[in-house]
Amino acid sequence: MLSKRNFVMMMTMIIVVLVLFLSSVALKEYFNDYDVNHAAETEIIEQKEHKPDPTGQQVLYVGTMENGYYRAIQEWAEYRNNSLRVFSSLSAADRILRTNEEKKAYVLIDGELLADDPEAAAEKLSQYVEQGGVVIFYRLPAYRVIEGCRDLQNLLGIQRLRGESVQLQEIRLFGGFLLGGETHYLFEGVEDPELVDLDREVPWYDISSRTKSYMVGFLTEEEKSAAGLNNEDMPAIIWRSNMGTGSVFAVNGDYMKGETALGILDAMLYEAEDYALYSVVNAQNLSFAGFPDLTVENEDTMAETYGMTTQQFCRDILWPSLVASTQKGNWKGTAFVSVKQSDQSQNEPNENDLIDYLKFFNEETTEAGISLGRIESSDLRASVEDEYNTLKSWDLNYVFAGGYVRKENQEKLAALIDGNGQMDFFQDLRTVVGEYETDQQILSWMTDRITLQNATTNAYIHSYQDSLRLKSLETALGYSNILVDIYRVLWPETSEDGWEHVAEKMSSNVDTYWKPFSAFEKTTISQSDSRVRNFLNGSVESTRTGDQISIQTAGFTGDAYLLLRTHDEVVETMTGGTWKEVEENTYLLQLTSEEASVTLRPEKELYYQE
């Protein structure tokens with residue numbers, strides 16, 4: 001039987017536990033400064049006048065601007081502060097190719113231009129390379145042109161042409177070229193065939209012993225054995241040929257179209273030099289487009305698909321799932337709030353929902369941005385103004401510093417910019433995220449006060465081309481912006497758009513494919529914006545004397561982030577900043593002053609015993 005004394009003690013303990021619990025909840029609520037966007041508290045770094053140094057590194061682009069390769073190459077030259085000169089033919093660049101300057105220009109050439117006189121072109125380029133030049137064939141000459149010109153074969157390091165087309169079993173990207181390690185892209189036995197989007201058939205070039213392969217196609221073991229072939233006989237896709245003191249790089253396929261070219265170019269020049277050092281952003285973003293929707297809309301479809309309203313679905317299904325994904329990978333999300341997603345919706349948005357979400361976001365280190373425009377809106381200005389006026393009437397102090405714009409509204413956005421380079425509405429907006437597209441510039445200035453950070457990948461799919469693109473962008477920029485498109489989920493057109501179908505893919509993709517790049521920092525979109533501004537404004541120069549690399553920067557406000565890639569050397573000491581390893585032979589430097597130095601030592605010390 002329970003004594004009176006024990007009963008009193010037990011009740012006292014229950015009351016104490018209850019009071020402590022309620023106190024913690026009350027304190028958590030009291031100290032939740034949900035109406036403050038801490039990510040937007042940093043000073044805005046405005047665009048600086050920035051022109052490539054005419055005495056610095058020159059890049060010669062030989063080809064037309066309409067061939068599908070120019071835009072990405074121009075973007076890369078802009079990021080690297082290289083002076084890009086365009087020539088429609090190789091002969092037009094004769095004067096520069098004949099100079100004996102110590103600092104050679106990088107020559108990026110469309111091999112299709114060599115068809116009329118491949119012998120003369122091969123002789124001209126061979127002389128340039130032998131004197132220390134770097135030539136990059138971003139598109140190879142046609143197979144028959146190479147077959148008919150021995151000098152061109154010698155320039156490219158091709159010892160045998162085995163066929164105009166061969167079907168591959170696998171493509172293998174070797175580690176140490178692009179960041180992210182070795183990757184095998186299989187064409188058969190794949191669970192989801194939709195992910196296989198690389199060209200399976202390529203011309204078969206057998207390259208010589210003075211070359212180095214970075215990406216190679218493979219046949220089946222049965223095909224190799226039947227023909228008596230070894231791995232070194234397999235079709236080369238990306239390789240380097242050495243000649244004299246220079247290098248020739250070749251790309252067998254369309255891998256230099258779009259943003260995949262950015263990292264490939266940086267990787268090639270790293271392979272051509274004794275080290276590489278360049279500026280990166282150091283930011284990894286996870287963007288939730290159209291979340292939450294503060295209005296109950298698309299009611300019939302939502303009821304049929306999910307059995308609940310948009311309000312219930314966002315709160316009870318989407319938010320817990322998004323939190324689980326961010327926590328698993330230590331991401332900092334950015335949720336681009338939709339006051340209303342369609343002009344056709346008759347219901348009114350709920351202010352209390354937004355306050356609840358801002359509290360949730362603050363607890364999970366998630367930033368709130370604003371969605372600019374509505375689905376199929378005929379009047380972008382009217383819809384943005386309506387969103388602005390609604391939020392203003394709620395008298396919130398929260399600063400919406402990031403905006404999201406769907407692709408159908410992106411070109412219209414310029415009409416909402418005033419003469420001071422700010423938005424007519426949401427004047428605190430400092431950066432805009434554009435919808436994911438496969439061929440668009442990633443980072444740029446919209447105005448001298450607003451940056452554009454286009455999404456780099458779709459969270460719901462990670463195809464072979466997406467894999468190469470991710471590796472390339474991390475190599476070139478140390479940057480990614482994963483787009484989780486909630487519009488698609490709330491306005492599903494097929495069963496493939498349902499959350500139960502895409503949620504697992506999103507979680508698996510984000511958790512798996514970004515692990516090799518964990519050295520780069522997770523940020524919200526405003527935190528990333530500050531780094532993007534620095535990246536676009538800054539420039540880096542370096543020289544090496546013995547084991548020491550001296551670094552000079554200009555144009556950065558605050559810290560600068562640089563990527564250092566070495567060949568079998570490790571960082572021993574650094575002044576003017578700190579460093580950490582990204583992967584073997586690759587280091588992320590954080591410079592805290594305009595000048596810094598890095599001392600290297602061989603990865604493996606050699607000792608000799610007399």
Which residues share a side chain to side chain contact (heavy atoms under 4.5 Å, CB included) with D353, sequence neighbours left out: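 Expected list: L294, Q311, N350.
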Stepwise side-chain contact (heavy atoms from CB on, under 4.5 Å) check, I355 with L396: CA-CA 9 Å; I355 293 173; L396 295 172; 4.2 Å; yes
Would you please say whether a donor-acceptor pair under 3.5 Å links the side chains of [X] and [Y]?
| X | Y | value |
| --- | --- | --- |
| Q344 | E297 | no |
| Y513 | T457 | no |
| S539 | N81 | no |
| N481 | S287 | yes |

Main-chain N/O of [Y] paired to [X] side chain as donor or acceptor, under 3.5 Å:
| X | Y | value |
| --- | --- | --- |
| D35 | N397 | no |
| T260 | Y255 | no |
| S345 | N347 | no |
| T592 | G576 | yes |
| S508 | K505 | no |
| S507 | E504 | no |
| R533 | T557 | no |
| T295 | V339 | yes |
| S472 | L468 | no |
| E75 | L262 | no |

Using the ring of each side chain (for Trp, its six-membered ring), is [X] parallel, tilted or perpendicular to [Y], with breaks at 30° and 60°?
| X | Y | answer |
| --- | --- | --- |
| F291 | F288 | perpendicular |
| W514 | W331 | perpendicular |
| Y306 | F313 | parallel |

Intermediate values then yes/no, salt bridge (Lys or Arg N to Asp or Glu O under 4.0 Å), E363 and K359: CA-CA 6 Å; E363 293 170 4; K359 292 177 181 178; over 6 Å; no
So with a 6.0 Å cut-off around [atom1] of [X], is the heavy-atom count from everything else above 12?
| X | atom1 | answer |
| --- | --- | --- |
| E541 | CD | no |
| E41 | CD | yes |
| D300 | CG | no |
| K48 | NZ | yes |
| E500 | CD | yes |
| Y388 | OH | no |

So do the side chains of [X] and [Y] get within less than 4.5 Å of each other, counting heavy atoms only?
| X | Y | answer |
| --- | --- | --- |
| Q453 | L443 | yes |
| Q57 | R80 | no |
| E435 | Y487 | no |
| D386 | R374 | yes |
| L490 | N298 | no |
| Y70 | L84 | yes |
| L413 | M446 | yes |
| F535 | R531 | no |

Enter the distance from [X]:[atom1] to [Y]:[atom2] here, rounded to the nearest 0.5 Å.
| X | Y | atom1 | atom2 | value |
| --- | --- | --- | --- | --- |
| D343 | D379 | CG | CG | 8.0 Å |
| N282 | Q284 | CG | CD | 7.5 Å |
| N285 | Y479 | CG | OH | 4.5 Å |
| T431 | D529 | OG1 | CG | 4.5 Å |
| T586 | Y270 | OG1 | OH | 6.0 Å |
| R430 | T447 | CZ | OG1 | 12.5 Å |

Contact summary for [X] and [Y], nearest pair of heavy atoms:
| X | Y | value |
| --- | --- | --- |
| P492 | V489 | CD-O, 3.3 Å |
| N420 | R449 | O-CD, 3.4 Å |
| K471 | T475 | O-OG1, 2.6 Å |
| A368 | N37 | O-ND2, 4.3 Å |
| I370 | E387 | CD1-OE1, 4.2 Å |
| S467 | T183 | OG-CG2, 4.5 Å |

E367/I525 under side-chain contact (heavy atoms from CB on, under 4.5 Å): CA gap, chis, key distance, verdict: CA-CA 8 Å; E367 179 183 356; I525 207 66; 3.9 Å; yes
Residues D266, W76; criterion side-chain hydrogen bond (donor to acceptor under 3.5 Å, both in side chains); working and verdict: CA-CA 9 Å; D266 279 325; W76 170 78; 3.0 Å; yes
Trace of the salt bridge (Lys or Arg N to Asp or Glu O under 4.0 Å) decision for D439 with K257: CA-CA 8 Å; D439 188 21; K257 282 187 175 179; over 6 Å; no
Y398 ring center near Y34 ring center (under 6.0 Å):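 Ring-ring flag for Y398/Y34: false, centres at least 6.0 Å apart.
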Y138 ring center within less than 6.0 Å of Y61 ring center: yes
Residue pair T566, Y587: steps toward the side-chain contact (heavy atoms from CB on, under 4.5 Å) verdict: CA-CA 9 Å; T566 68; Y587 303 90; 4.2 Å; yes
Matching residue for W491 among I486, I375, T301, T305 - test: side-chain contact (heavy atoms from CB on, under 4.5 Å):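 Exactly one candidate clears the test, I375.
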Salt bridge (Lys or Arg N to Asp or Glu O under 4.0 Å) assessment of R381 paired with D424: CA-CA 9 Å; R381 172 175 288 275; D424 288 335; 2.7 Å; yes
CA sep, side-chain torsions, deciding dist, call: L277, L589, side-chain contact (heavy atoms from CB on, under 4.5 Å): CA-CA 10 Å; L277 182 72; L589 311 183; 3.8 Å; yes
